[in-house]
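Reviewing the structure listed below.
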Amino acid sequence: MIIVMSPGATEQHIDGVVKKIKEYGCEANISRGVERTIIGAIGDERAIDQELIDALPGVEQSMHVVKPYKIVAREWHKENTIVDIKGVPLGGNTVQVIAGPCSVETQQQMDDSAKYVKEAGCRLMRGGAFKPRTSPYSFQGKGVEGLEMFRKAADAKGLPIVTELMDVRMLDTFMEWDVDVIQIGTRNMQNFDLLKEVGRVKKPVILKRGMSATISEWLMAAEYIAAAGNHNIIFCERGIRTFETYYRNVLDVTAIPVLKKETHLPVIVDPSHAGGKAWMVPALSRAAVAAGADGLLIEMHPTPCEAWCDADQALTPGELKTLMAELGGIAKILGRDI
Ligand code: PEP
Ligand code: MN
């Protein structure tokens, strides 16, 4: 940590900072300039509470020099991490497309969806059994019955399943149904108790970006999961809130290279909840793969106009197939496959 003292700081102020640094188990390196004194805290500076340093008399400002996140940072782990999802690698050379309906509706709908996901060449399937809806009067998901339908449909096609966990009380049920990837939705990105609990299991976790979360808040949220013991984390950019109202959210493509620089963990993109319209999904998917995303999370419904949730943004099975072929071409240029 670097602490810049104000021009009027006295020797007593400097001594006060040095004493505080030592309390945290660090050594102080004092550099006296003509106008100011700068103090360097040497050692494990993560333990130092910046707010307490800033509050000391004579301190102008302080800054940490190492990242506040540790396990998820590329600084500490140079190689890309590949998350293994029942034998399907995510984060390696292959771009993985996770497709399926917004929500689980009926057994027939899930059986048909699984068939189309497989036929399009995707290796993982999505579907929500517990839905976070803006209105309490909207369809809330089929719940445990939905997990059962999903498991049955996906197992018939050998597809690992991705589904959202909203309530920590359902975690044991998710384990019983052997959910392959636990999705933490945008509204729960900073539900720290939920993050700690999914950190205690070994299941891969897709951590969606909070709709107004900064990159640093997102990385710290992932650190919660990692610090509890689960390092199988996948970041998912799903669009952020801005002043624009034309589309549902703004897909932050910039977040892809930034996250790839900051973390060794896989980064995927959900173009469906970003654009909010099916016709935008192909363009946003192409942009995401071109920018280096390790995968996509795409909503597809056997008959989108009959979907119980997010009908407007679901691709048809045919559109998913066409998109997969296009993405294959982009991946190839980048030396990847799909
Ligand atoms: C979803 O993927 O079903 C979903 C609700 O997404 P988000 O949390 O990004 O809104
Ligand atoms: Mn949806």
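Position 1 is the first residue of the sequence, and the numbers go up from there. Since this is a predicted model, take the numbers as computed values, not measurements. In each ligand, atom 1 is the first atom listed, and ligand 1 is the first ligand listed.
For E244, the CD atom is densely surrounded, since the number of other residues' heavy atoms within 6.0 Å is greater than 12.
The nearest N/O/S atom of D310 to the Mn ion (ligand 2) is OD2. Looking only at N/O/S atoms, E299 comes nearest to the Mn ion (ligand 2) through OE2.
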Trace of the salt bridge (charged side-chain N to carboxylate O under 4.0 Å, His left out) decision for K67 with E262: CA-CA 9 Å; K67 312 273 186 201; E262 290 296 321; 3.2 Å; yes
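Distance from atom 8 (O) of ligand 1 to its nearest protein heavy atom, with residue and atom name: T186 N, 2.9 Å.
For atom 6 (O) of ligand 1, the nearest non-hydrogen atom from the set E237, K208, R238 belongs to K208. Nearest to atom 1 (C) of ligand 1 by heavy-atom distance, out of R187, H273, R248, R133, is H273.
Atom OG of S272 and atom CZ of R126 lie 7.5 Å apart (nearest 0.5 Å). For the atom pair CD1 (I234) and CD1 (I85), the distance works out to 4.0 Å, reported to the nearest 0.5 Å.
The closest approach between Q183 and ligand 1 falls below 4.0 Å for a heavy atom of the residue.
Vertex the Mn ion (ligand 2); arms to H273 NE2 and C102 SG; angle rounded to 10 degrees, 160°.
Listed for the R151 side chain is no donor-acceptor partner under 3.5 Å among the backbone atoms of D155. Formation of a donor-acceptor pair under 3.5 Å by the T263 side chain with backbone atoms of V72 is found in this model.
Distances below 4.0 Å separate heavy atoms of G185 from the following atoms of ligand 1: 8 (O).
Of the N and O atoms on the side chains of D310 and H301, not one donor lies less than 3.5 Å from an acceptor on the other residue.
Only the side chain of R126 comes within 4.0 Å of ligand 1, counting heavy atoms alone; its backbone N, CA, C and O stay farther away.
Polar contact with ligand 1: absent for E164 (N/O pair, distance under 3.5 Å).
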